[in-house]
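Working notes, structure below.
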Amino acid sequence: MAMNGYEGGLKMIEELTTNAEQTQDEVLREILSRNVGTGYLMGFLHGQTEKWLFKKNVLVVTYEDLKPFIDRIANRETSEILLAKPVTGFYLSSGTSGGQPKLMPVTAEYQKNGALYDTLSQSLTMRHFGDINQAGKRMELMFARPEIETPSGLKAASVLTSVYNESKFRTILPKLYTSPIETIFCPDPNQGLYCQLLFGLIQRDEVVRVGSLFASTVLRGIKFLENHWQELSYDIKTGRLSDWITDSGCRNAASLVMKPNPEQADLIENISNCKSWEGIVTKLWPKARYISCVCTGVMRQYIAELEFYCRGLPLVSTFYACSEALCGINLEPLCKPCDVSYTFLPNMAYFEFLPVENDHDESIEMKRNDEDTELVDLVNVKVGQCYELVVSTCAGLYRYKVGDVLMVSGFYNNAPQFQFVERKNVILNVDQEKTSETDLFKAVIEAKALLDPLGFILTEYTSYVDTSSAPGHYVLFWEIKGKEGKHCKELDPKIMVECCTRMEESLHYTYKIYRKRNIIAALETRVVKQGSFEALMDYYVSKGTSLSQYKKPNCIKSEEALKIIDSRVIGKYFSPKSPL
């Protein structure tokens, strides 16, 4: 690692956070001086680069506002309509626009920032855990997604897929990771997962870190292992890969390293064949020092289960980033997941913040974004206040609303620290597919159309994500009323199953892809008896919500509220097939 080991990285973090305001001004000055002549900014700034003019004239935008410019670049038009530097490719955001993944322009400078960001983040983990690159290997569950070639010839891929395609990553992979590249790019995620676990078990004595990008993926891997440990042990014992693994890349990679190892297989069987899997990760990988994965935001729901399986190992969330920008790092990797705050690095982008306010305990309500609501600079945010993140980057995003709601938890030197609160308008999320309130509403409208001709009315609905089993799935609670004296018990169960199918078919592209790959399980509808939503309202009123201001939550987050509605279920129905 450059910069004189991790000490150099820590020193840079100190300098950046101490000079946060100056660094932010320099970042904005560089963005504007370089891009002021682009077609987009020229319409706002007319060739001028003053900060006050930028904040006064440049509109705060969403992806839909920039999409026409990005689409033109993807369709062979010059990148100078949006940014001065050449676009080298696109990142596919996990969010969607019009049912399709969002395209985020990428430049060489952005990728250079990414390398520095990784270096600074690694310096913090090295301070606490030592140089794991020298100590052993990482059993990291990694899954690439297919690239898309745009009409311009530029490739579009997820951020991680882009990393996996880099020659530098492929060079260090065999030395630092247990998973061969073929298992990462396996088109069948279950075959890829099986093989990555297999290689991780074969090299169990070398593993010093276990992880994946998100906590949900780590948990999915553990539960997959729980269901397949006997088969994995048999493969290790015989030195032969199971016949159902048909991917040629995986089979070729296995043939290079697999050989019969009955002793290792017996040891794995003895560890796995136990009444409780509490602490199983530390038993199977005894040299592991920590679990690396994002445990904040929507991933908090997986903490309790992960702590059960990984008993004794810290869960480490190292960074906060998105397809649009690199943002913050966790200065205290050993803190509890519920206490994680991310310190923003002022050299990564120009950050502004749109104040938001709490509605009631179920949601975050945006203040009106009008002339009276000024965006706040990075160094001027207030502790305890919630904000929506707005970024300007070297890659053509100017005053762009990311959609993340963050709360200021404190400051480190002069740089604020944030805790992730939620995605704005996202109410359902199993594994970063990000289904919004609007997405859900449209799906419900499509499905309830099946009830109307039969004399039934959907009177209320709400939802939640059930992660009690892996993979997780969406649950919809429906209260149905019959017309002209009809009782909902008269409703044909086949119609309710069809309603589940109709909702899944109406949801967005990413959801359907995840269903097809079994990252998300079948959508479930639970019909509740009459009066259930009144009981739900009574609960919130008893907790202090004004009856005149009560808004039914479209997604239930309160465990007590969930118990109330779930205790009134009279029927359960599942979608019988993947929507793709």
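Residue numbers count from 1 along this sequence. Computation of the quantities below employed the complete heavy-atom set of this structure, encompassing side-chain atoms and omitting hydrogens, waters and symmetry-equivalent molecules.
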Heavy atoms of I303 and C295 approach each other most closely as CD1-O, 3.6 Å
Are Y342 and F319 an aromatic pair, judged by ring center distance below 6.0 Å?
no
Can you check whether Y117's main-chain N or O pairs, donor with acceptor, with S121's side chain at less than 3.5 Å?
no
Between the CG atom in L397 and the CG atom in L83, the distance rounded to the nearest 0.5 Å is 9.0 Å
Heavy atoms, side chains only, cut-off 4.5 Å: are Y400 and S392 in contact?
no
Would you check if I520 and P471 make a side-chain contact, meaning some heavy-atom pair closer than 4.5 Å?
no
Looking only at atom types and distance, does a side-chain atom of Y320 sit under 3.5 Å from a main-chain N or O of L326, one as donor and one as acceptor?
no
Can the ring centres of Y177 and F169 be said to be less than 6.0 Å apart?
yes
Which distance, rounded to the nearest 0.5 Å, do you find between the OG of S341 and the CD of Q419?
4.0 Å
Closer than 3.5 angstrom, by distance alone: can the side chain of N429 be matched with the main-chain N or O of Q432 as a donor-acceptor pair?
yes
Kindly say whether L331 contributes a backbone atom to a donor-acceptor pair with the side chain of T343 at under 3.5 angstrom?
no
Side chains of S409 and V383: closer than 4.5 Å at any heavy-atom pair?
no
Tell me if a side-chain donor or acceptor on N414 pairs with a main-chain N or O of T18 at a distance below 3.5 Å.
yes
Heavy-atom closest contact (L124 atom, I329 atom, distance):
CD1-CD1, 3.6 Å
Is it true that the side chains of Y474 and T435 contain a donor and an acceptor less than 3.5 Å apart?
yes
State, yes or no, whether a side-chain contact exists between V60 and L354 at a heavy-atom distance under 4.5 Å.
no
Could you state the interatomic distance from OG1 (T510) to NZ (K434), rounded to the nearest 0.5 Å?
9.0 Å
To the nearest 0.5 Å, what is the distance between CG on L16 and CD on Q22?
10.5 Å
Verify whether the ring centers belonging to F351 and F344 lie closer than 6.0 Å.
yes
Of all heavy-atom pairs linking T462 and C555, the shortest is OG1-N, 3.7 Å
More than 12 heavy atoms of other residues, nucleotides or ligands under 6.0 Å from NZ of K382: yes or no?
no
Once you measure the plane-to-plane angle for F69 and Y40, does it fall in the parallel (<30°), tilted (30-60°) or perpendicular (>60°) bin?
perpendicular
Under the side chain to side chain contact (heavy atoms under 4.5 Å, CB included) criterion, do I519 and V430 qualify, and how do the steps go?
CA-CA 8 Å; I519 296 172; V430 173; 5.7 Å; no
Can you tell me if T23 uses its side chain to pair, donor with acceptor, with the backbone of N347 under 3.5 Å?
no
Check: F353 ring centroid to F418 ring centroid under 6.0 Å:
yes
If I take atom CG from residue L120 and atom CG from residue L10, how far apart are they, to the nearest 0.5 angstrom?
9.0 Å
Whether K401 and D65 form a salt bridge (side-chain N of Lys/Arg under 4.0 Å from carboxylate O of Asp/Glu) is what I want to check.
no
Taking R289 for the side chain and R209 for the main chain, is one N or O donor matched with an acceptor at less than 3.5 Å?
no
Does R127 form a salt bridge (Lys or Arg N to Asp or Glu O under 4.0 Å) with E7? I'd like the steps, not just the answer.
CA-CA 8 Å; R127 178 173 63 178; E7 294 93 347; over 6 Å; no
Say whether, by atom type as modelled, one donor and one acceptor occur between the side chain of N19 and the main chain of E15 under 3.5 angstrom.
yes
Nearest-0.5 Å distance that lies between atom CD1 in I222 and atom OG1 in T217
11.0 Å
Are any of the side-chain nitrogens in K55 or E374 under 4.0 Å away from the carboxylate oxygens of its partner?
no
Looking at E332, is its backbone amide N or carbonyl O close enough to the side chain of N330 to form a donor-acceptor pair, meaning the two atoms are under 3.5 Å apart?
yes
Is there a side-chain contact between P579 and L507 (heavy atoms, below 4.5 Å)?
no
Salt-bridged, E30 to R34, with N to O below 4.0 Å?
yes
Do NZ/NE/NH1/NH2 and the carboxylate oxygens of R220 and D431 come within less than 4.0 Å?
no
With a 4.0 Å cut-off, would you call R515 and E504 a salt bridge?
yes
Does T183 use its side chain to pair, donor to acceptor, with the backbone of S179 at less than 3.5 Å?
no
Measure across V381 and V376 and return the closest heavy-atom pair with its distance rounded to 0.1 Å.
N-CG1, 3.7 Å
Does the Lys NZ or Arg CZ of R399 fall within the cation-pi geometry relative to F54 - under 6.0 Å from the ring centre and within 45° of the axis?
yes
Of all heavy-atom pairs between Y63 and L103, which one has the smallest distance, and what is that distance?
OH-N, 3.0 Å
If you define the side chain from C-beta out and look only at heavy atoms, does anything of L378 sit under 4.5 Å from E352?
no
Hey, do the aromatic rings of Y398 and F44 have their centres closer than 6.0 Å?
no
Closest non-hydrogen atoms of F214 and C293, given as atom of the first, atom of the second and distance, are C-CB, 3.8 Å
For a side chain to side chain contact (heavy atoms under 4.5 Å, CB included) check, start with the C-alpha distance between L345 and M348, then their side-chain angles and the critical distance, and finish with the verdict.
CA-CA 6 Å; L345 296 175; M348 290 294 153; 3.9 Å; yes
More than 12 heavy atoms of other groups within 6.0 Å of E147 CD
yes
Contact between D439 and S436 at the side-chain level, heavy atoms closer than 4.5 Å - yes or no?
yes
Quick one, Y387 and D404 - any side-chain contact, counting heavy atoms below 4.5 Å?
no
